[in-house]
Amino acid sequence: MTRLSVEMLAADTVEPITSAGHAQLGVAVLVGIAVIVLLITKFKLHAFLSLTLGSLVLGALAGAPLDKVIASFTTGLGTTVAGVGVLIALGAILGKMLADSGGADQIVDTILARASGRSMPWAMVLIASVIGLPLFFEVGVVLLIPVVLMVAKRGNYSLMRIGIPALAGLSVMHGLVPPHPGPLVAIDAIGANLGVTLALGVLVAIPTVIIAGPLFSRYAARWVDVPAPDRMIPQRASEDLEKRPGFGATLTTILLPVVLMLSKALVDIVIDDPENTVQRVFDVIGSPLIALLASVLVGIFTLLRPAGFSKERISPLVEKSLAPIAGILLIVGAGGGFKQTLIDTGVGQMVLDISKDWSIPALLLAWLIAVAIRLATGSATVATVSAAGLVAPLAADMSTTHAALLVLAIGAGSLFFSHVNDAGFWLVKEYFGLNVGQTVKTWSVMETIISVVAGGLVLLLSLVI
């Protein structure tokens, strides 16, 4: 297993913009993170503004000139948005196409038609995992809630027996599998290989979602036995459509970017020759930008056209899909700015220096840092981008697989124990008609199981690969 290293940072790392000692830098980091946490939790300030102010406070307390702190922050923001922003936008477009065309409903209805009785929780986790690949967590929840409530009510199932597997599938995809914003930001910050991270993420996700979903739902249903609330069953998107895309075409569209990115990773491993024509072709078609762009373009013909969308309706759909992600892009960008400020003030090197005698694995340290920030801020994305900035220097001497595992360790930690400072907590509470205590017993415990199981699997994988 990779241990904390005292190796110098990669050659392209910039010189620190301050000569502050470890004690001063340590105080600066703690105060900077405390400012972010306080602004988000106490003053309810948007995470973008909180991260921006926290970065400035960090740089100022570290003794760096304010103009250089601003330059570091804006550089990190710009680099992160340039590397990740387009991918988030393409993912949002694909998700909107999937929802509005009725493609998501087609997958749901097809799988549910073949499931019954004891297999229903497994069907729900399968649906959520497939639907969750291109969709943001909140969108996936809104999309699947009608299905969960209707299945529970019509089939006389326990709401938790059906709802927990669906939530587990969405949450695991959100925290561990690109192209979700959290994993993408961590990959960008750490310099991990996206294809390898995707492959290992899926490998970790499968047992994690089984344990936290169908298996845990048995106990959740005993702890919290509530009926599905009638008032929360909203209209499904495809109820207004005369026709929907086919199951096969929809599934192919969703999985296309995953297949292309995994193919690139496989070819890179098998051939390992940058001058080889086949590898160069797969390097292009398997790049995240091309893979997601291809899926969006294919979706026009496999999702929108079969649903009866005219050419005039495609552009407005794209515009509507981009508006809701403005806040996410700003948070991700500010997280990149915070990360760059941490690096440029010398905090990354400080983490390496003061931990040279520690025996704690780097992957466990990354998980613990993400857990701490998640508990404090309630945001998985803020936890991911902040933790990635702090532990990025640890990846300097890691192998490709261990760098990918570092990303997954951060993602797993970012999901730990969602509680009252997390918007997702209240979303689940209101949709399922639970009180705070019931939400903690079900949703919060499920999130903790995901975090612990995924983190444990990441550590186990690091022993064998």
Side-chain angles (χ1 to χ4, degrees), residues 47 84 87-88 90-92 94-95 98-99 104 124-145 148 163-187 194 197-198 200-206 208-213 254 257-258 288 292 324-325 327-329 331-332 335 367 370-371 373-374 377-388 407-418 422-428 431 443-444 446-455 457-458:
V84 177
L87 305 184
I88 295 176
L90 289 172
L94 181 60
L98 183 67
M124 292 307 302
V125 81
L126 176 61
I127 291 169
S129 298
V130 173
I131 296 297
L133 275 173
L135 294 177
F136 295 123
F137 175 79
E138 292 81 2
V139 177
V141 169
V142 173
L143 194 64
L144 285 183
I145 285 301
V148 170
I164 288 296
L167 293 173
L170 290 173
S171 187
V172 169
M173 293 297 112
H174 172 72
L176 299 179
V177 182
H180 287 279
L184 281 177
V185 171
I187 288 168
L194 190 144
T197 307
L198 174 59
L200 292 175
V202 172
L203 185 63
V204 171
I206 292 173
T208 300
V209 79
I210 289 173
I211 294 171
I254 293 173
V258 177
L292 281 167
I325 66 168
I328 295 174
L329 284 176
I331 293 172
V332 167
W367 183 84
V371 165
I373 299 174
R374 159 70 158 180
T377 66
S379 170
T381 303
V382 172
T384 300
V385 297
S386 301
V407 171
L408 297 179
I410 294 170
S414 74
L415 298 175
F416 191 87
F417 195 75
S418 164
D422 178 19
F425 179 93
W426 299 103
L427 190 67
V428 172
Y431 266 124
W443 162 254
S444 300
M446 182 206 77
E447 287 283 87
T448 304
I449 292 173
I450 291 173
S451 179
V452 172
V453 171
L457 290 172
V458 167

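Predicted model only: the values in this text are computed from it and were never measured. Note that these values count all heavy atoms, side chains included, but never hydrogens, waters or copies made by symmetry.
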About how many Å separate [atom2] of [Y] and [atom1] of [X], when rounded to the nearest 0.5 Å?
| X | Y | atom1 | atom2 | result |
| --- | --- | --- | --- | --- |
| S171 | I449 | OG | CD1 | 11.5 Å |
| I187 | L87 | CD1 | CG | 9.5 Å |
| L184 | L198 | CG | CG | 10.0 Å |

Please name the pair of heavy atoms, one in [X] and one in [Y], separated by the smallest distance, quoted to 0.1 Å.
| X | Y | value |
| --- | --- | --- |
| A205 | V172 | CB-CG1, 3.4 Å |
| A92 | I325 | CB-CG2, 3.6 Å |
| M173 | G132 | CB-O, 3.8 Å |
| F425 | S444 | CE1-OG, 3.5 Å |
| A128 | G169 | CB-CA, 4.0 Å |
| L176 | A454 | CD1-CB, 4.0 Å |

Is W367 reaching over with its side chain to a backbone N or O of S451, donor-acceptor style, under 3.5 angstrom?
yes

Is there a donor-acceptor contact under 3.5 Å from the side chain of R374 to the main chain of F416?
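Between the backbone of F416 and the side chain of R374 there is a qualifying donor-acceptor contact (under 3.5 Å).
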
Student check: side-chain heavy atoms of V458 and L200 closer than 4.5 Å
no

Looking at I211, L167, L415, which hits side chain to side chain contact (heavy atoms under 4.5 Å, CB included) with M446?
L167

side-chain hydrogen bond (donor to acceptor under 3.5 Å, both in side chains) against T208, all qualifying residues, sequence neighbours excluded:
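T208 satisfies side-chain hydrogen bond (donor to acceptor under 3.5 Å, both in side chains) with no other residue.
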
Test side-chain hydrogen bond (donor to acceptor under 3.5 Å, both in side chains) applied to S414 - qualifying residues, sequence neighbours left out
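Once residues adjacent in sequence are excluded, the partners of S414 under the side-chain hydrogen bond (donor to acceptor under 3.5 Å, both in side chains) criterion are T384.
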
Checking side chain to side chain contact (heavy atoms under 4.5 Å, CB included) for the pair T381/V185: CA distance, chi angles, key distance, verdict?
CA-CA 9 Å; T381 303; V185 171; 5.8 Å; no

